[in-house]
Amino acid sequence: MSLRLYDTAARAVREFVPLEPGRASLYLCGATVQAAPHVGHIRSGVCFDVLTRWLVARGYAVTFCRNVTDIDDKILAKAALEGRPWWAVTAHYEREFAWAYDVLGCLPPTVEPRATGHVPEMIELMDTLIAGGHAYPVDGDVYFDVSSYPAYGALSGQRPDQMQPAADSEGDTRKRDPRDFALWKAAKPGEPSWPTPWGRGRPGWHLECSAMAGKYLGPSFDIHGGGLDLVFPHHENEIAQSRSAGGEFARYWVHNAWVTTSGEKMSKSLGNSLLVREVVKRVRPVELRYYLTAAHYRSMIEFSFEALEETAVGYRRIEGFLARARERLAPGEVTGADLSSARPPEFDAAMDDDLGVPQALAVVHETVRQGNAALAAGELAAVRRAYAQVLAMTDVLGVNPYAAPWDERSALDGAATGRWRTIVDDLVAARIAERAAARAAKDFAAADRIRDALREAGIDLVDEPDGTRWTLAEPS
RNA sequence: GGUGGCGUGGCCGAGAGGCGAGGCAACGGCCUGCAAAGCCGUGUACGCGGGUUCAAAUCCCGCCGCCACCUCCA
(Lines give C-alpha, C1' and ligand atoms only; values in the text may rest on other atoms or scores of the structure.)
Protein backbone atom coordinates (compact mmCIF):
# COMPACT_ATOMS: atom_id res chain seq x y z
CA MET A 1 0.00 0.00 0.00
CA SER A 2 1.17 3.47 -0.68
CA LEU A 3 0.24 6.85 0.68
CA ARG A 4 -3.18 8.23 -0.10
CA LEU A 5 -4.12 11.84 0.62
CA TYR A 6 -7.37 13.74 0.56
CA ASP A 7 -7.07 16.25 -2.24
CA THR A 8 -9.33 19.25 -1.76
CA ALA A 9 -9.36 19.91 -5.49
CA ALA A 10 -10.58 16.40 -6.27
CA ARG A 11 -12.77 16.20 -3.13
CA ALA A 12 -11.52 12.66 -2.79
CA VAL A 13 -8.70 10.61 -1.39
CA ARG A 14 -6.09 10.08 -4.11
CA GLU A 15 -3.05 7.90 -4.28
CA PHE A 16 0.05 10.02 -3.88
CA VAL A 17 2.15 9.72 -7.02
CA PRO A 18 4.99 12.23 -6.89
CA LEU A 19 6.18 14.15 -9.89
CA GLU A 20 9.59 12.54 -9.53
CA PRO A 21 9.91 9.07 -8.03
CA GLY A 22 11.44 9.19 -4.58
CA ARG A 23 11.02 12.94 -4.23
CA ALA A 24 8.25 15.00 -2.71
CA SER A 25 7.88 18.76 -2.88
CA LEU A 26 5.63 20.58 -0.45
CA TYR A 27 4.58 24.19 -0.11
CA LEU A 28 2.84 25.37 3.02
CA CYS A 29 1.30 28.78 3.51
CA GLY A 30 2.98 29.88 6.69
CA ALA A 31 2.36 32.78 8.98
CA THR A 32 1.46 36.36 8.38
CA VAL A 33 3.75 37.70 11.05
CA GLN A 34 1.53 40.33 12.58
CA ALA A 35 0.70 38.69 15.93
CA ALA A 36 1.89 35.96 18.24
CA PRO A 37 0.91 32.43 17.20
CA HIS A 38 -2.10 30.80 18.82
CA VAL A 39 -2.91 27.13 19.03
CA GLY A 40 -4.78 27.22 15.74
CA HIS A 41 -1.83 28.63 13.84
CA ILE A 42 0.49 26.07 15.22
CA ARG A 43 -1.82 23.19 14.43
CA SER A 44 -1.15 23.81 10.79
CA GLY A 45 2.57 23.60 11.43
CA VAL A 46 2.15 20.39 13.40
CA CYS A 47 -0.11 18.74 10.81
CA PHE A 48 2.30 19.37 7.99
CA ASP A 49 5.22 18.40 10.17
CA VAL A 50 3.58 15.00 10.58
CA LEU A 51 3.03 14.81 6.82
CA THR A 52 6.67 15.69 6.21
CA ARG A 53 7.89 13.15 8.73
CA TRP A 54 5.72 10.49 7.19
CA LEU A 55 6.99 11.24 3.69
CA VAL A 56 10.54 10.98 5.00
CA ALA A 57 9.71 7.74 6.80
CA ARG A 58 8.36 6.41 3.53
CA GLY A 59 11.68 7.13 1.89
CA TYR A 60 10.96 10.35 0.05
CA ALA A 61 13.54 13.10 -0.26
CA VAL A 62 11.34 16.01 0.81
CA THR A 63 11.70 19.62 -0.21
CA PHE A 64 9.53 21.59 2.17
CA CYS A 65 8.91 25.27 1.57
CA ARG A 66 7.03 27.29 4.17
CA ASN A 67 6.74 30.99 3.50
CA VAL A 68 6.60 33.97 5.80
CA THR A 69 4.23 36.74 4.80
CA ASP A 70 6.01 39.84 6.04
CA ILE A 71 4.10 42.57 4.27
CA ASP A 72 0.35 43.15 4.24
CA ASP A 73 -2.35 45.49 5.47
CA LYS A 74 -2.56 44.03 8.95
CA ILE A 75 1.16 44.32 9.48
CA LEU A 76 1.06 48.00 8.57
CA ALA A 77 -1.91 48.51 10.85
CA LYS A 78 -0.13 46.72 13.67
CA ALA A 79 2.97 48.83 13.17
CA ALA A 80 0.90 51.97 13.43
CA LEU A 81 -0.78 50.62 16.55
CA GLU A 82 2.47 49.60 18.22
CA GLY A 83 4.29 52.72 17.12
CA ARG A 84 7.26 50.97 15.62
CA PRO A 85 8.42 50.28 12.06
CA TRP A 86 6.65 47.55 10.13
CA TRP A 87 9.91 45.64 9.81
CA ALA A 88 10.33 45.62 13.56
CA VAL A 89 6.85 44.14 13.89
CA THR A 90 7.51 41.40 11.36
CA ALA A 91 10.91 40.54 12.81
CA HIS A 92 9.40 40.28 16.26
CA TYR A 93 6.50 38.02 15.32
CA GLU A 94 8.59 35.97 12.95
CA ARG A 95 10.74 35.08 15.95
CA GLU A 96 7.60 34.26 17.93
CA PHE A 97 6.50 31.84 15.24
CA ALA A 98 9.95 30.31 14.92
CA TRP A 99 9.98 29.76 18.66
CA ALA A 100 6.51 28.17 18.59
CA TYR A 101 7.38 25.83 15.74
CA ASP A 102 10.51 24.83 17.56
CA VAL A 103 8.95 24.38 20.97
CA LEU A 104 6.35 22.06 19.43
CA GLY A 105 8.97 19.99 17.69
CA CYS A 106 8.24 20.96 14.09
CA LEU A 107 11.21 20.16 11.90
CA PRO A 108 12.57 23.23 10.12
CA PRO A 109 11.50 23.60 6.50
CA THR A 110 14.02 23.19 3.73
CA VAL A 111 13.54 26.84 2.92
CA GLU A 112 11.50 29.58 4.59
CA PRO A 113 11.27 32.48 2.13
CA ARG A 114 9.89 35.91 2.97
CA ALA A 115 7.55 37.76 0.67
CA THR A 116 9.58 40.96 0.74
CA GLY A 117 12.63 39.08 -0.47
CA HIS A 118 10.90 38.04 -3.68
CA VAL A 119 9.68 41.22 -5.29
CA PRO A 120 11.69 40.64 -8.51
CA GLU A 121 10.04 37.23 -8.89
CA MET A 122 6.62 38.82 -8.38
CA ILE A 123 7.33 41.47 -11.01
CA GLU A 124 8.37 38.76 -13.43
CA LEU A 125 5.18 36.86 -12.76
CA MET A 126 3.04 39.97 -13.23
CA ASP A 127 4.86 40.69 -16.50
CA THR A 128 3.97 37.25 -17.74
CA LEU A 129 0.35 37.58 -16.63
CA ILE A 130 -0.08 41.00 -18.21
CA ALA A 131 1.54 39.83 -21.45
CA GLY A 132 -0.80 36.87 -21.50
CA GLY A 133 -3.87 39.02 -21.03
CA HIS A 134 -4.56 37.72 -17.50
CA ALA A 135 -3.77 40.89 -15.58
CA TYR A 136 -3.95 44.61 -16.05
CA PRO A 137 -2.33 47.61 -14.37
CA VAL A 138 -4.45 50.55 -13.23
CA ASP A 139 -2.87 53.60 -11.61
CA GLY A 140 -0.08 51.58 -10.07
CA ASP A 141 -2.32 48.72 -8.94
CA VAL A 142 -2.16 45.45 -10.83
CA TYR A 143 -5.25 43.26 -10.90
CA PHE A 144 -5.82 39.71 -11.96
CA ASP A 145 -8.62 39.37 -14.50
CA VAL A 146 -10.74 36.55 -13.13
CA SER A 147 -12.71 36.25 -16.35
CA SER A 148 -9.49 35.31 -18.16
CA TYR A 149 -9.23 32.09 -16.21
CA PRO A 150 -12.29 29.94 -16.96
CA ALA A 151 -11.56 27.38 -14.25
CA TYR A 152 -11.71 30.04 -11.53
CA GLY A 153 -13.57 28.59 -8.56
CA ALA A 154 -12.77 24.97 -9.30
CA LEU A 155 -10.78 24.38 -6.13
CA SER A 156 -13.35 25.79 -3.73
CA GLY A 157 -16.46 24.85 -5.68
CA GLN A 158 -17.41 28.48 -6.01
CA ARG A 159 -19.11 29.75 -9.13
CA PRO A 160 -17.98 33.29 -9.86
CA ASP A 161 -21.49 34.40 -10.80
CA GLN A 162 -22.81 33.26 -7.42
CA MET A 163 -20.16 34.85 -5.28
CA GLN A 164 -20.86 37.78 -3.07
CA PRO A 165 -19.08 40.87 -4.29
CA ALA A 166 -16.00 41.79 -2.32
CA ALA A 167 -16.70 44.17 0.52
CA ASP A 168 -13.97 46.51 -0.64
CA SER A 169 -15.11 46.60 -4.23
CA GLU A 170 -17.95 49.03 -3.74
CA GLY A 171 -17.10 52.30 -5.30
CA ASP A 172 -13.87 50.83 -6.61
CA THR A 173 -13.97 51.74 -10.25
CA ARG A 174 -10.46 50.65 -11.00
CA LYS A 175 -11.23 46.95 -11.13
CA ARG A 176 -12.89 45.77 -14.30
CA ASP A 177 -14.86 43.25 -12.29
CA PRO A 178 -15.53 43.24 -8.54
CA ARG A 179 -14.15 39.70 -8.33
CA ASP A 180 -10.78 40.64 -9.75
CA PHE A 181 -8.13 40.63 -7.08
CA ALA A 182 -5.05 42.74 -6.47
CA LEU A 183 -1.70 41.28 -7.43
CA TRP A 184 0.03 44.50 -6.51
CA LYS A 185 -1.03 47.58 -4.61
CA ALA A 186 0.13 51.07 -5.51
CA ALA A 187 2.08 52.84 -2.78
CA LYS A 188 0.22 55.10 -0.43
CA PRO A 189 2.03 57.88 1.37
CA GLY A 190 4.10 56.59 4.25
CA GLU A 191 3.79 52.95 3.26
CA PRO A 192 6.73 50.74 2.35
CA SER A 193 7.06 50.29 -1.38
CA TRP A 194 9.21 48.75 -4.06
CA PRO A 195 9.82 49.98 -7.60
CA THR A 196 8.04 48.26 -10.49
CA PRO A 197 7.38 49.07 -14.15
CA TRP A 198 3.94 50.28 -13.01
CA GLY A 199 5.18 52.53 -10.27
CA ARG A 200 6.10 52.00 -6.64
CA GLY A 201 3.95 49.71 -4.59
CA ARG A 202 3.75 46.59 -2.47
CA PRO A 203 2.74 42.97 -3.00
CA GLY A 204 -0.83 41.75 -2.83
CA TRP A 205 -1.24 38.77 -0.60
CA HIS A 206 -1.80 36.01 -3.13
CA LEU A 207 0.99 36.77 -5.55
CA GLU A 208 3.83 36.00 -3.19
CA CYS A 209 2.98 32.34 -2.77
CA SER A 210 2.82 31.76 -6.51
CA ALA A 211 6.13 33.53 -6.95
CA MET A 212 7.90 31.70 -4.14
CA ALA A 213 6.46 28.28 -4.87
CA GLY A 214 7.55 28.71 -8.47
CA LYS A 215 11.03 29.80 -7.48
CA TYR A 216 11.78 27.05 -5.00
CA LEU A 217 9.65 24.16 -6.19
CA GLY A 218 9.24 24.89 -9.90
CA PRO A 219 6.18 25.35 -12.09
CA SER A 220 4.88 21.94 -10.99
CA PHE A 221 5.19 20.48 -7.55
CA ASP A 222 3.51 17.85 -5.46
CA ILE A 223 1.61 19.15 -2.45
CA HIS A 224 0.30 22.55 -1.45
CA GLY A 225 -0.96 22.85 2.08
CA GLY A 226 -2.57 25.27 4.45
CA GLY A 227 -5.50 25.85 6.73
CA LEU A 228 -8.97 25.09 5.48
CA ASP A 229 -9.87 28.75 5.51
CA LEU A 230 -7.26 29.46 2.85
CA VAL A 231 -9.05 27.43 0.20
CA PHE A 232 -10.94 30.49 -0.85
CA PRO A 233 -9.79 32.96 -1.89
CA HIS A 234 -6.09 32.53 -1.29
CA HIS A 235 -5.46 29.16 -2.87
CA GLU A 236 -8.03 29.72 -5.57
CA ASN A 237 -6.16 32.86 -6.53
CA GLU A 238 -2.80 31.17 -6.40
CA ILE A 239 -4.05 28.56 -8.83
CA ALA A 240 -5.49 31.19 -11.15
CA GLN A 241 -2.23 33.13 -11.20
CA SER A 242 0.16 30.25 -11.52
CA ARG A 243 -1.79 28.30 -14.11
CA SER A 244 -2.44 31.42 -16.14
CA ALA A 245 1.32 31.95 -16.11
CA GLY A 246 1.78 28.55 -17.66
CA GLY A 247 2.61 26.24 -14.75
CA GLU A 248 0.77 23.17 -13.57
CA PHE A 249 1.28 24.32 -9.97
CA ALA A 250 0.33 22.04 -7.09
CA ARG A 251 -0.85 18.54 -7.88
CA TYR A 252 -2.41 17.82 -4.50
CA TRP A 253 -4.16 20.26 -2.16
CA VAL A 254 -4.10 19.34 1.50
CA HIS A 255 -5.92 21.42 4.09
CA ASN A 256 -6.00 21.07 7.84
CA ALA A 257 -9.10 21.86 9.88
CA TRP A 258 -9.01 24.53 12.49
CA VAL A 259 -9.08 24.71 16.24
CA THR A 260 -12.18 26.10 17.86
CA THR A 261 -13.01 27.20 21.35
CA SER A 262 -16.57 27.07 22.58
CA GLY A 263 -17.60 25.92 19.12
CA GLU A 264 -16.25 29.00 17.43
CA LYS A 265 -13.27 29.32 15.17
CA MET A 266 -10.30 30.65 17.06
CA SER A 267 -9.36 34.04 15.84
CA LYS A 268 -8.21 37.32 17.16
CA SER A 269 -11.43 39.03 16.27
CA LEU A 270 -13.27 36.82 18.75
CA GLY A 271 -10.82 37.69 21.45
CA ASN A 272 -10.40 34.06 22.41
CA SER A 273 -6.90 33.43 21.22
CA LEU A 274 -4.98 30.82 23.07
CA LEU A 275 -1.42 31.81 22.50
CA VAL A 276 1.08 29.00 22.28
CA ARG A 277 3.27 30.84 24.74
CA GLU A 278 0.48 30.83 27.31
CA VAL A 279 -0.70 27.28 26.75
CA VAL A 280 2.74 25.75 27.21
CA LYS A 281 2.90 27.34 30.63
CA ARG A 282 0.05 25.06 31.64
CA VAL A 283 1.00 21.85 29.87
CA ARG A 284 4.26 20.46 28.61
CA PRO A 285 4.84 21.34 24.94
CA VAL A 286 5.03 17.69 23.97
CA GLU A 287 1.58 17.18 25.46
CA LEU A 288 0.18 20.07 23.46
CA ARG A 289 1.74 18.58 20.37
CA TYR A 290 0.30 15.15 21.16
CA TYR A 291 -3.13 16.71 21.63
CA LEU A 292 -2.96 18.56 18.33
CA THR A 293 -1.63 15.51 16.54
CA ALA A 294 -4.06 12.99 18.01
CA ALA A 295 -7.10 14.24 16.12
CA HIS A 296 -7.29 13.62 12.40
CA TYR A 297 -5.92 16.64 10.57
CA ARG A 298 -9.22 17.17 8.76
CA SER A 299 -11.26 17.10 11.97
CA MET A 300 -11.99 20.22 13.89
CA ILE A 301 -10.52 20.31 17.38
CA GLU A 302 -12.73 21.82 20.02
CA PHE A 303 -9.99 23.07 22.29
CA SER A 304 -10.31 22.81 26.03
CA PHE A 305 -7.77 22.42 28.75
CA GLU A 306 -9.84 19.58 30.18
CA ALA A 307 -9.63 17.60 26.94
CA LEU A 308 -5.96 18.48 26.64
CA GLU A 309 -5.19 17.21 30.14
CA GLU A 310 -7.10 14.03 29.51
CA THR A 311 -5.25 13.36 26.29
CA ALA A 312 -1.98 14.11 28.04
CA VAL A 313 -2.66 11.28 30.50
CA GLY A 314 -2.71 8.93 27.55
CA TYR A 315 0.63 10.27 26.40
CA ARG A 316 2.12 9.78 29.85
CA ARG A 317 1.10 6.17 29.63
CA ILE A 318 3.27 5.84 26.53
CA GLU A 319 6.14 7.65 28.24
CA GLY A 320 5.76 5.46 31.31
CA PHE A 321 6.17 2.28 29.33
CA LEU A 322 9.17 3.65 27.46
CA ALA A 323 10.86 4.75 30.68
CA ARG A 324 10.33 1.39 32.39
CA ALA A 325 11.43 -0.56 29.34
CA ARG A 326 14.54 1.56 29.04
CA GLU A 327 15.57 0.82 32.60
CA ARG A 328 15.09 -2.87 32.09
CA LEU A 329 16.90 -3.20 28.81
CA ALA A 330 20.64 -3.17 28.37
CA PRO A 331 22.09 0.19 27.25
CA GLY A 332 22.97 -1.18 23.83
CA GLU A 333 19.39 -2.22 23.27
CA VAL A 334 17.81 1.17 23.72
CA THR A 335 19.54 2.92 20.87
CA GLY A 336 20.38 1.84 17.38
CA ALA A 337 19.60 2.38 13.76
CA ASP A 338 17.31 -0.60 13.51
CA LEU A 339 14.78 1.13 15.77
CA SER A 340 13.49 3.33 12.97
CA SER A 341 12.38 0.40 10.85
CA ALA A 342 10.46 -1.25 13.65
CA ARG A 343 7.01 0.13 12.93
CA PRO A 344 4.15 -2.39 12.92
CA PRO A 345 2.50 -2.77 9.50
CA GLU A 346 -0.85 -1.67 10.93
CA PHE A 347 0.68 1.63 11.90
CA ASP A 348 2.03 2.22 8.42
CA ALA A 349 -1.29 1.26 6.89
CA ALA A 350 -3.09 3.76 9.10
CA MET A 351 -0.67 6.55 8.22
CA ASP A 352 -0.84 5.74 4.52
CA ASP A 353 -4.60 6.15 4.70
CA ASP A 354 -4.69 9.94 4.55
CA LEU A 355 -2.55 10.23 7.68
CA GLY A 356 -4.85 8.25 9.94
CA VAL A 357 -3.12 9.32 13.11
CA PRO A 358 -6.01 8.33 15.40
CA GLN A 359 -5.82 4.75 14.18
CA ALA A 360 -2.05 4.88 14.21
CA LEU A 361 -2.23 5.91 17.87
CA ALA A 362 -4.49 2.97 18.58
CA VAL A 363 -1.62 0.78 17.31
CA VAL A 364 0.78 2.66 19.58
CA HIS A 365 -1.41 2.08 22.61
CA GLU A 366 -1.95 -1.55 21.75
CA THR A 367 1.83 -1.97 21.50
CA VAL A 368 2.28 -0.21 24.83
CA ARG A 369 -0.22 -2.58 26.42
CA GLN A 370 1.65 -5.58 25.07
CA GLY A 371 4.92 -4.07 26.18
CA ASN A 372 3.64 -3.50 29.71
CA ALA A 373 2.41 -7.08 29.86
CA ALA A 374 5.80 -8.31 28.67
CA LEU A 375 7.48 -6.15 31.29
CA ALA A 376 5.30 -7.70 33.98
CA ALA A 377 6.04 -11.19 32.69
CA GLY A 378 9.75 -10.53 32.38
CA GLU A 379 9.78 -11.38 28.70
CA LEU A 380 12.63 -9.18 27.66
CA ALA A 381 12.59 -10.04 23.96
CA ALA A 382 9.00 -8.86 23.76
CA VAL A 383 9.83 -5.76 25.80
CA ARG A 384 12.65 -4.96 23.40
CA ARG A 385 10.37 -5.36 20.40
CA ALA A 386 7.60 -3.20 21.85
CA TYR A 387 10.11 -0.57 22.95
CA ALA A 388 11.59 -0.29 19.47
CA GLN A 389 8.16 -0.18 17.88
CA VAL A 390 6.81 2.51 20.15
CA LEU A 391 9.93 4.59 19.65
CA ALA A 392 9.70 4.27 15.89
CA MET A 393 6.00 5.15 15.84
CA THR A 394 6.25 8.12 18.18
CA ASP A 395 9.19 9.33 16.14
CA VAL A 396 7.02 9.59 13.04
CA LEU A 397 4.44 11.58 14.98
CA GLY A 398 7.09 13.85 16.45
CA VAL A 399 6.37 12.84 20.04
CA ASN A 400 9.23 10.44 20.73
CA PRO A 401 10.24 11.50 24.24
CA TYR A 402 13.85 10.53 23.58
CA ALA A 403 14.21 12.52 20.38
CA ALA A 404 14.84 16.22 19.99
CA PRO A 405 13.47 18.53 21.19
CA TRP A 406 11.88 16.56 24.01
CA ASP A 407 14.83 14.47 25.16
CA GLU A 408 16.12 17.05 27.62
CA ARG A 409 12.70 18.22 28.71
CA SER A 410 10.66 15.14 29.45
CA ALA A 411 9.33 15.33 32.98
CA LEU A 412 8.62 11.61 33.14
CA ASP A 413 11.93 10.57 31.69
CA GLY A 414 13.32 8.00 34.03
CA ALA A 415 16.59 7.72 32.19
CA ALA A 416 17.60 11.15 30.98
CA THR A 417 21.29 11.74 30.95
CA GLY A 418 23.26 14.69 32.17
CA ARG A 419 24.96 15.78 35.36
CA TRP A 420 21.83 16.95 37.13
CA ARG A 421 20.22 13.63 36.59
CA THR A 422 23.22 11.81 38.02
CA ILE A 423 23.39 14.07 41.04
CA VAL A 424 19.69 13.84 41.81
CA ASP A 425 19.82 10.11 41.23
CA ASP A 426 22.49 9.72 43.91
CA LEU A 427 20.68 11.92 46.41
CA VAL A 428 17.34 10.23 45.87
CA ALA A 429 18.92 6.78 45.98
CA ALA A 430 20.04 7.48 49.53
CA ARG A 431 16.52 8.41 50.59
CA ILE A 432 15.08 5.40 48.79
CA ALA A 433 17.47 3.20 50.74
CA GLU A 434 16.38 4.80 54.02
CA ARG A 435 12.79 4.27 53.11
CA ALA A 436 13.42 0.65 52.12
CA ALA A 437 14.95 0.06 55.54
CA ALA A 438 11.94 1.65 57.23
CA ARG A 439 9.57 -0.47 55.19
CA ALA A 440 11.54 -3.60 56.00
CA ALA A 441 11.17 -2.67 59.68
CA LYS A 442 7.42 -2.16 59.11
CA ASP A 443 7.85 1.48 60.11
CA PHE A 444 5.44 2.68 57.44
CA ALA A 445 4.96 6.06 59.01
CA ALA A 446 8.65 6.81 58.55
CA ALA A 447 8.56 5.38 55.03
CA ASP A 448 5.62 7.59 54.11
CA ARG A 449 7.32 10.65 55.57
CA ILE A 450 10.23 10.16 53.20
CA ARG A 451 7.90 9.68 50.24
CA ASP A 452 5.88 12.77 51.18
CA ALA A 453 8.99 14.87 51.60
CA LEU A 454 10.26 13.91 48.18
CA ARG A 455 6.83 14.57 46.71
CA GLU A 456 7.00 17.99 48.23
CA ALA A 457 10.31 18.50 46.45
CA GLY A 458 8.79 17.43 43.14
CA ILE A 459 9.84 13.80 43.02
CA ASP A 460 7.41 10.90 42.85
CA LEU A 461 8.36 7.49 44.19
CA VAL A 462 6.87 4.36 42.72
CA ASP A 463 7.37 0.91 44.24
CA GLU A 464 7.75 -1.81 41.68
CA PRO A 465 8.40 -5.51 42.13
CA ASP A 466 12.12 -5.11 41.54
CA GLY A 467 12.63 -1.87 43.43
CA THR A 468 11.62 1.73 43.78
CA ARG A 469 11.83 4.17 40.86
CA TRP A 470 11.61 7.92 40.92
CA THR A 471 10.23 10.35 38.38
CA LEU A 472 9.79 14.06 38.30
CA ALA A 473 6.29 14.83 39.49
CA GLU A 474 3.82 16.41 37.11
CA PRO A 475 3.58 20.06 37.99
CA SER A 476 0.19 20.54 39.57
C1' G B 1 -28.35 33.36 -2.30
C1' G B 2 -23.80 29.99 -3.36
C1' U B 3 -20.10 26.24 -1.39
C1' G B 4 -18.43 22.77 2.19
C1' G B 5 -18.48 20.24 6.85
C1' C B 6 -20.29 18.17 11.41
C1' G B 7 -23.90 15.33 14.92
C1' U B 8 -20.85 8.13 17.60
C1' G B 9 -21.32 5.43 24.87
C1' G B 10 -20.15 9.73 31.05
C1' C B 11 -16.04 12.53 28.09
C1' C B 12 -12.45 12.74 23.91
C1' G B 13 -12.19 10.46 19.35
C1' A B 14 -11.72 6.67 14.87
C1' G B 15 -14.55 3.84 11.48
C1' A B 16 -17.98 4.19 6.45
C1' G B 17 -22.57 -2.27 4.70
C1' G B 18 -21.38 -7.87 8.14
C1' C B 19 -17.04 -10.29 14.13
C1' G B 20 -18.07 -3.18 19.24
C1' A B 21 -10.50 1.22 17.01
C1' G B 22 -8.04 3.51 20.86
C1' G B 23 -7.60 6.81 25.05
C1' C B 24 -9.70 9.16 29.53
C1' A B 25 -13.28 8.35 33.41
C1' A B 26 -16.14 4.44 36.11
C1' C B 27 -16.77 -0.51 38.25
C1' G B 28 -14.82 -5.61 39.62
C1' G B 29 -10.37 -8.62 40.12
C1' C B 30 -4.81 -9.51 40.46
C1' C B 31 -0.44 -7.20 42.54
C1' U B 32 0.60 -4.00 46.91
C1' G B 33 2.01 -2.14 54.13
C1' C B 34 -0.39 2.01 51.67
C1' A B 35 -0.26 4.77 47.26
C1' A B 36 0.80 4.93 42.22
C1' A B 37 1.66 2.28 37.99
C1' G B 38 0.73 -2.10 35.39
C1' C B 39 -2.15 -6.40 33.92
C1' C B 40 -7.06 -9.07 33.36
C1' G B 41 -12.29 -8.28 32.99
C1' U B 42 -16.97 -5.22 32.57
C1' G B 43 -20.46 -1.20 27.63
C1' U B 44 -25.89 -3.91 23.88
C1' A B 45 -22.92 4.17 21.29
C1' C B 46 -23.81 6.06 16.45
C1' G B 47 -29.26 13.43 15.91
C1' C B 48 -34.73 12.20 14.25
C1' G B 49 -38.24 9.71 10.73
C1' G B 50 -38.77 6.63 6.64
C1' G B 51 -36.58 3.31 2.87
C1' U B 52 -32.98 -0.33 0.32
C1' U B 53 -30.63 -5.02 2.06
C1' C B 54 -30.16 -11.61 4.52
C1' A B 55 -27.41 -7.56 7.20
C1' A B 56 -27.19 -0.12 7.96
C1' A B 57 -23.47 3.95 12.55
C1' U B 58 -22.02 3.09 7.32
C1' C B 59 -26.15 3.40 1.23
C1' C B 60 -30.91 6.33 -0.39
C1' C B 61 -34.94 10.01 0.75
C1' G B 62 -36.88 13.64 4.11
C1' C B 63 -36.30 16.36 8.50
C1' C B 64 -33.82 18.71 12.99
C1' G B 65 -29.60 20.94 15.25
C1' C B 66 -24.60 23.05 14.99
C1' C B 67 -20.42 25.19 12.32
C1' A B 68 -17.31 27.23 8.54
C1' C B 69 -16.10 29.68 3.72
C1' C B 70 -17.98 33.30 -0.27
C1' U B 71 -11.55 38.67 -1.24
C1' C B 72 -8.57 39.61 6.98
C1' C B 73 -7.82 34.39 8.37
C1' A B 74 -3.83 28.44 10.00
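Order of the sequence lines fixes the chain letters, A, B, ..., with proteins taken first and strands second; residue numbering starts at 1 for each chain. Excluded from the calculations below are hydrogen atoms, water molecules and symmetry mates; all remaining heavy atoms, backbone and side chain alike, are included. The structure presented is a predicted model; accordingly, all values stated were derived computationally and were not measured.
The ring-ring contact (aromatic ring centres under 6.0 Å, His included) test applied to Tyr290(A) returns Tyr315(A), not counting sequence neighbours. With sequence neighbours left out, Glu306(A) forms a side-chain contact (heavy atoms from CB on, under 4.5 Å) with Ser304(A). For the side-chain contact (heavy atoms from CB on, under 4.5 Å) test, residues two or more places apart in sequence or in another chain that qualify with Ala187(A) are Ser193(A), Arg200(A). Partners of Tyr27(A) by ring-ring contact (aromatic ring centres under 6.0 Å, His included), not counting sequence neighbours, listed by chain and number: His224(A). In this view, Tyr6(A) satisfies the ring-ring contact (aromatic ring centres under 6.0 Å, His included) rule with no residue, not counting sequence neighbours. Contacts of Ala135(A) classified as side-chain contact (heavy atoms from CB on, under 4.5 Å), with partners at least two apart in sequence or in another chain: Leu129(A), Ile130(A), Val142(A), Leu183(A). Phe305(A) pairs by the ring-ring contact (aromatic ring centres under 6.0 Å, His included) definition with Phe303(A), not counting sequence neighbours. For Ser147(A), the side-chain contact (heavy atoms from CB on, under 4.5 Å) test picks out Asp145(A), with sequence neighbours left out.
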Self-check item: Watson-Crick and G-U pairing of RNA chain B written in dot-bracket, each distance under 3.5 angstrom, with | for inter-strand partners
Solution: (((((((..(((.....[...))).(((((.......)))))....(((((..]....))))))))))))....
Practice problem: Any chance you could list the contact pattern along nucleotides 25-36 of chain B? Use B for base contacts, S for sugar-phosphate-only contacts and - for none, protein heavy atoms under 4.0 Å, 5' to 3'. | Solution: --------BBBB
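Listed by first then second residue, pairs satisfying salt bridge (Lys or Arg N to Asp or Glu O under 4.0 Å) with a partner in residues 371-381 of chain A number zero, not counting sequence neighbours.
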Could you list, one pair per line, each protein nitrogen or oxygen that sits under 3.5 Å from a nitrogen or oxygen of nucleotides 3-7 of chain B, together with the distance?
| unit_1 | atom_1 | unit_2 | atom_2 | d |
| --- | --- | --- | --- | --- |
| U3(B) | O2' | Ser156(A) | O | 3.0 |

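Residue Asn256(A) places no side-chain N or O under 4.0 Å from the OP1 or OP2 atom of A74(B).
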